[in-house]
Amino acid sequence: MFSVNSLGFLVLLAVFVPLWFTARPDRRWQWMLAANLLFYLSIDVPGLFVLLASAALVWLSAKNVRPGMPRRRRWIALGLSAALAPLLLLKYSGMFADAAGTLLGIPLWDGSGLLQPLGLAYFSLQLASYLIDVSRGDLAPEPLYARVLCYASFFFSITQGPFNRYGTLMPQLAAPTRFDSHRLWRGAMRMAWGYFKKYAIAERAAVVVSAAFSTPEIYDTSQLVFGTVLYSFQLYADFSGYTDIVLGAGEILGLRLPENFRQPFLAATVRELWSRWHISLSQWFRDYVYIPLGGNRKGTARRDANLILTFLASGLWHGANWTYLVWGGLHGGIQAIENHLLWRKKITRLSTRIFGIAGTFTVFVVTFTIFRADSIAAAAEYFRCLVTTPGFDVFSKYWELGLTSRLDLLMLLAGIAALVAVDILHECGVHLRDRIAVSPLPVRWLVYECALFAFLLMGRFLSGGAFLYARY
């Protein structure tokens with residue numbers, strides 16, 4: 001198996017890098033396609049057939065959707081159906097059948113046994129964006145099906161993003177990039193930071209989060225607050241850690257993949273949060289949902305409605321659960337309210353920004369508690385227990401939340417402190433990789449040794465460790 005959190009991924013990358021740089025630039029996309037298919041086959045053989053069929057129909061449709069072509073709308077409808085129908089049918093049909101069954105008072109099928117192809121939510125939107133870009137005249141239709149398949153199955157980002165645009169990614173696969181040892185070290189450092197986030201922060205936080213959310217009724221307020229705050233850091237460390245790994249791997253190959261995070265917990269408004277969190281998804285929904293709905297061009301009321309509809313769609317994209325719809329609706333609604341607040345711009349200024357950061361982080365924690373819960377009822381129960389069970393046992397009875405020792409707790413808090421410190425430095429324009437790169441050789445190796453020791457000391461490696469966003 002070559003999943004990103006496995007040793008197999010590093011082996012695949014070690015084999016692929018020399019092949020990449022020895023191949024002719026115009027042939028590199030073929031090597032990438034081979035790696036994509038190998039990666040996919042190692043994890044999900046049945047799902048590959050869905051990907052192959054969707055890519056084929058979108059490729060065929062895109063050849064017939066240029067402005068002015070006959071039956072253009074029919075081809076657009078066919079292509080969008082090919083891109084999005086598998087997502088709607090395989091991921092959401094059970095959710096809506098259950099809702100319909102509840103309304104009708106009769107049991108319907110739940111869809112739990114349906115195939116869930118690897119990266120379905122990602123390759124569906126990428127194929128849709130390719131088709132729409134061609135239909136708008138922004139891209140020329142690709143004559144080779146294999147290249148569209150290469151784009152849709154890009155193994156660096158098919159499971160968790162970032163979302164790539166065809167016109168940005170595919171030309172890079174043919175760029176005459178040469179091997180650069182400096183770029184290799186920079187990419188390796190970014191990958192190492194991603195693995196640190198995953199194994200030193202996210203995996204240890206997952207123990208506490210799972211305990212708190214599974215049985216909230218047995219914990220006091222301080223423990224439940226700790227659990228839900230830790231979930232925010234777990235999700236951030238897990239998801240941004242994955243992104244660092246694949247962007248670092250791309251950097252080694254000379255590929256500039258989209259940044260997906262930019263210090264999101266330092267955002268001063270919810271609107272600013274979404275320019276820093278899952279950036280490539282936010283941009284996809286902006287370009288292909290919000291703007292086509294009218295954006296902010298048709299008055300204030302329409303703008304607010306478009307925001308809410310866009311975030312409802314984003315919530316639905318995340319999963320077949322009403323918690324995601326509520327979460328998306330809340331984020332859209334809060335942004336619509338922010339647009340009418342006179343102090344919205346003042347809160348982002350340096351003198352008052354700390355209050356905006358605190359408020360935005362609170363919104364993040366509360367709404368993502370709903371996001372994390374198994375159901376709306378489970379989220380309500382979590383909040384009920386949080387306000388009705390007073391106490392402050394979170395640090396004195398750390399073992400109740402699954403931590404094995406006080407050192408385990410300190411390691412977790414130290415990891416979060418390191419994460420926050422690095423984000424603050426980046427926000428201030430201090431980039432550690434740049435500083436390390438220009439340091440004398442003995443200093444660089446001392447940093448590498450200390451980083452390796454910290455990773456081995458603080459990492460939690462025996463938990464299985466699937467990435468959280470791989471299921472969305």
Side-chain angles (χ1 to χ4, degrees), residues 1-45 48 118-119 150-151 153-162 164 169-170 172-200 202-203 238 240-258 260 433 436-437 441 444-445 447-456 459-462 464-467 470:
M1 179 180 289
F2 297 116
S3 58
V4 174
N5 60 313
S6 70
L7 181 61
F9 177 80
L10 297 178
V11 173
L12 175 62
L13 191 64
V15 172
F16 185 71
V17 168
L19 292 174
W20 175 264
F21 285 109
T22 55
R24 283 171 38 190
D26 62 339
R27 299 288 187 184
R28 284 178 178 168
W29 71 269
Q30 297 173 347
W31 283 105
M32 183 62 73
L33 176 59
N36 295 345
L37 296 178
L38 179 62
F39 178 90
Y40 207 105
L41 285 170
S42 75
I43 301 174
D44 185 7
V45 175
L48 179 62
L118 173 72
C150 180
Y151 163 69
S153 61
F154 186 55
F155 80 99
F156 282 2
S157 55
I158 192 169
T159 56
Q160 291 182 241
N164 297 283
L169 175 64
M170 294 308 293
Q172 292 189 68
L173 302 189
T177 309
R178 296 189 177 186
F179 178 79
D180 184 335
S181 59
H182 177 67
R183 197 173 59 231
L184 169 65
W185 278 111
R186 285 181 58 84
M189 281 191 287
R190 183 156 192 178
M191 291 180 69
W193 177 234
Y195 282 117
F196 178 85
K197 288 181 181 179
K198 172 62 177 172
Y199 289 106
E203 288 302 294
D238 189 280
S240 68
Y242 173 94
T243 303
D244 285 329
I245 293 167
V246 297
L247 264 63
E251 187 172 356
I252 292 172
L253 300 178
L255 303 176
R256 294 182 62 87
L257 304 181
N260 228 10
R433 287 196 301 162
I436 295 171
L441 185 61
R444 292 205 304 271
W445 279 104
V447 171
Y448 301 150
E449 293 288 345
C450 291
L452 179 60
F453 176 76
F455 178 64
L456 294 176
R460 190 174 184 274
F461 304 105
L462 302 177
F467 285 94

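Worth saying up front: this structure is predicted, and the values here are computed from it rather than measured. If you read the sequence from its start, that first residue is 1, and numbering goes on from there.
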Closest heavy-atom contact between [X] and [Y]?
| X | Y | answer |
| --- | --- | --- |
| Asn164 | Ser157 | ND2-OG, 2.9 Å |
| Leu118 | Asp44 | N-OD2, 2.7 Å |
| Asp244 | Trp193 | OD2-CD1, 3.5 Å |
| Phe154 | Leu257 | CE2-CD2, 3.9 Å |
| Pro25 | Ala175 | CB-O, 4.0 Å |
| Thr177 | Arg28 | O-NH2, 2.9 Å |

When rounded to the nearest 0.5 angstrom, what distance separates [atom1] in [X] from [atom2] in [Y]?
| X | Y | atom1 | atom2 | result |
| --- | --- | --- | --- | --- |
| Phe196 | Leu456 | CZ | CG | 11.0 Å |
| Phe21 | Leu253 | CZ | CG | 5.5 Å |
| Arg183 | Arg178 | CZ | CZ | 11.5 Å |

Would you mind reporting whether [Y] and [X] have side-chain heavy atoms less than 4.5 Å apart?
| X | Y | value |
| --- | --- | --- |
| Leu173 | Trp20 | yes |
| Trp185 | Arg433 | no |
| Val246 | Pro162 | yes |
| Asn36 | Tyr151 | no |
| Thr159 | Phe39 | yes |
| Met191 | Tyr195 | yes |
| Asn5 | Tyr199 | yes |

Next on the checklist: As a quick check of understanding, evaluate side chain to side chain contact (heavy atoms under 4.5 Å, CB included) for Leu441 and Arg444, giving each step before the final call.
Outcome noted: CA-CA 5 Å; Leu441 185 61; Arg444 292 205 304 271; 3.2 Å; yes
Checklist entry - Under a 4.0 Å N-O cut-off, is there an ion pair linking Lys198 with Asp238? => result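 Judged by the 4.0 Å cut-off on N to carboxylate O distance, Lys198 and Asp238 do form a salt bridge.
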Next on the checklist: Less than 4.0 angstrom from a charged side-chain N to a carboxylate O is my criterion; do Arg186 and Glu251 meet it?
Outcome noted: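 Yes.
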Checklist entry - Between Met32 and Phe155, does a side chain to side chain contact (heavy atoms under 4.5 Å, CB included) hold up when you go through it step by step? => result CA-CA 8 Å; Met32 183 62 73; Phe155 80 99; 3.7 Å; yes
